[in-house]
Amino acid sequence: VIINAISANTGGIVTYTSNLIEYIGREEVEAIIYVPRAFNADSFNTPNVIVKKVPVKKFYGPVHRFIWEQIFWRKIVKESGADVLYSSANYGVLYPPIKQVLLVQGEIYLNPVYRDKVLPTLPRSEQLSAFLRRNLMLFSARHSIATIFPSEVALQAALDYGPDIAPTSFVNYLGVGDRFAVTANRRDWCEGGQLELLYVSVFY
């Protein structure tokens, strides 16, 4: 498997990529994962997973990155000898040279609340950007053997725009790493008789 984690610069995608490396390291799968230059890969000791820095110093905006991925990344994928390309950042290679699995983690432009309440109030340039990103995601999904969404709500939001991707779209809830299974030194829940929950539905 060759994995595109080039966008793993900050936030949840860094955590997801780190967990992915650890998980694949325990499986009988050989993988090459490409990460940005700032990604700290020194702490991983997984012989079956090769972590490589992306061979470009800097992307000068989304257009530059899109062009680079469609031309130079496609060539890397084609020459890798991998059986499957896993694209983990909402978009993938258009007309990929090998089978592609696409992960749509948090595409805000599909969210029904955002598109109905927020997007109409934004400048035309942002609305155009949302249109292009949304359709790039759908186009990527149409050229993937499988598209994974982290929730049923996210999948249904995508199907509102592209119902034709339904046969190859699936829900796989993002889990947590093994480190959260540690039971020592836990405090008691509801010490004050009140349980408070924080639910973050949409970032951005």
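All values reported here derive from a predicted model rather than from experimental measurement. Just so you know, residue 1 is the first one in the sequence shown, and it goes up from there.
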* Passes side-chain contact (heavy atoms from CB on, under 4.5 Å), I24 versus T46? Steps please. -> CA-CA 8 Å; I24 294 177; T46 50; over 6 Å; no
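- The side-chain contact (heavy atoms from CB on, under 4.5 Å) with F39 is formed by just one residue from the set V14, N9, I6, V54; it is V14.
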* Between E126 and Y109, does a side-chain hydrogen bond (donor to acceptor under 3.5 Å, both in side chains) hold up when you go through it step by step? -> CA-CA 10 Å; E126 182 60 30; Y109 307 112; 3.3 Å; yes
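- Between F59 and F66 the shortest side-chain heavy-atom distance does not fall below 4.5 Å.
- Grouped by direct or indirect side-chain proximity (heavy atoms under 4.5 Å, Ile/Leu/Val/Met/Phe/Trp/Tyr only), V153 sits alone.
- The local environment of OH in Y161 is crowded, with over 12 non-hydrogen atoms from other residues, nucleotides or ligands closer than 6.0 Å.
- D116 contributes atom CG, which lies 9.0 Å from atom CG of N111 (distance to the nearest 0.5 angstrom).
- Residues passing the side chain to side chain contact (heavy atoms under 4.5 Å, CB included) test with E30, sequence neighbours excluded: none.
- Partners of Y34 by side-chain hydrogen bond (donor to acceptor under 3.5 Å, both in side chains), not counting sequence neighbours: none found.
- Clustering of Ile, Leu, Val, Met, Phe, Trp and Tyr side chains at separations under 4.5 Å places L132 together with L128, F131.
- Note that OG1 of T17 and CG of N4 are 9.5 Å apart. Values are rounded to the nearest 0.5 Å.
- Under the rule for a side-chain hydrogen bond (donor to acceptor under 3.5 Å, both in side chains), Q127 has no partner lying at least two apart in sequence or in another chain.
- When atom types are taken as modelled, the side chain of N48 and the backbone of E27 share a donor-acceptor pair closer than 3.5 angstrom.
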* Check against side-chain contact (heavy atoms from CB on, under 4.5 Å), I98 and V84 -> CA-CA 6 Å; I98 61 176; V84 177; 5.6 Å; no
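- Listed by chain and residue number, L110, M137, F149, I165 satisfy the side chain to side chain contact (heavy atoms under 4.5 Å, CB included) test with A158 (two or more places apart in sequence, or in another chain).
- Under the salt bridge (Lys or Arg N to Asp or Glu O under 4.0 Å) criterion, no residue pair touches residues 71-97, with sequence neighbours excluded.
- Residue pairs meeting the salt bridge (Lys or Arg N to Asp or Glu O under 4.0 Å) criterion with at least one member in residues 150-160, sequence neighbours excluded, are R115-D160.
- Side-chain contact check for S151 versus Y173: some heavy-atom pair is nearer than 4.5 Å.
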* To do: Given side-chain contact (heavy atoms from CB on, under 4.5 Å), test V113 with V118 step by step and report yes or no.
  => CA-CA 7 Å; V113 176; V118 179; 5.7 Å; no
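- Residues Y60 and V63 do not share a hydrophobic cluster, clusters being chains of Ile/Leu/Val/Met/Phe/Trp/Tyr side chains in contact below 4.5 Å.
- Closest of all the heavy-atom pairs between P36 and A8 is CG-O, 3.1 Å.
- A side-chain donor-acceptor contact under 3.5 Å links Q70 to the backbone of L94.
- Here L138 contributes atom CG and L159 contributes atom CG; the two are 9.0 Å apart, rounded to the nearest 0.5 Å.
- F170 places none of its side-chain heavy atoms less than 4.5 Å from the side chain of T147.
- Summarising the geometry of V93 relative to S87, their closest heavy-atom pair is N-OG, 4.4 Å, with the distance given to 0.1 Å.
- Here CD1 of I76 is found 7.0 Å from CD1 of I2. Values are rounded to the nearest 0.5 Å.
- In this structure, CG on L119 lies 5.5 Å from OH on Y114, to the nearest 0.5 angstrom.
- Under the salt bridge (Lys or Arg N to Asp or Glu O under 4.0 Å) criterion, no residue pair touches residues 2-12, with sequence neighbours excluded.
- Residue L85 holds its CG atom at 9.0 Å from CG of L102, rounded to the nearest 0.5 Å.
- Contact of the W73 side chain with the P96 side chain is not registered, since no non-hydrogen atoms from C-beta on lie closer than 4.5 Å.
- Counting heavy atoms from C-beta outward, V51 and I21 have side chains that approach closer than 4.5 Å.
- Residues passing the side chain to side chain contact (heavy atoms under 4.5 Å, CB included) test with N172 are I148, sequence neighbours excluded.
- Within the structure, salt bridge (Lys or Arg N to Asp or Glu O under 4.0 Å) contacts touching residues 44-63 (residues at least two apart or in different chains) do not occur.
- Residues in residues 130-144 take part in these side-chain hydrogen bond (donor to acceptor under 3.5 Å, both in side chains) pairs, two or more places apart or across chains: Q100-S144, S129-R133, R142-D164.
- No side-chain heavy atom of I33 sits less than 4.5 Å from a side-chain heavy atom of Y86.
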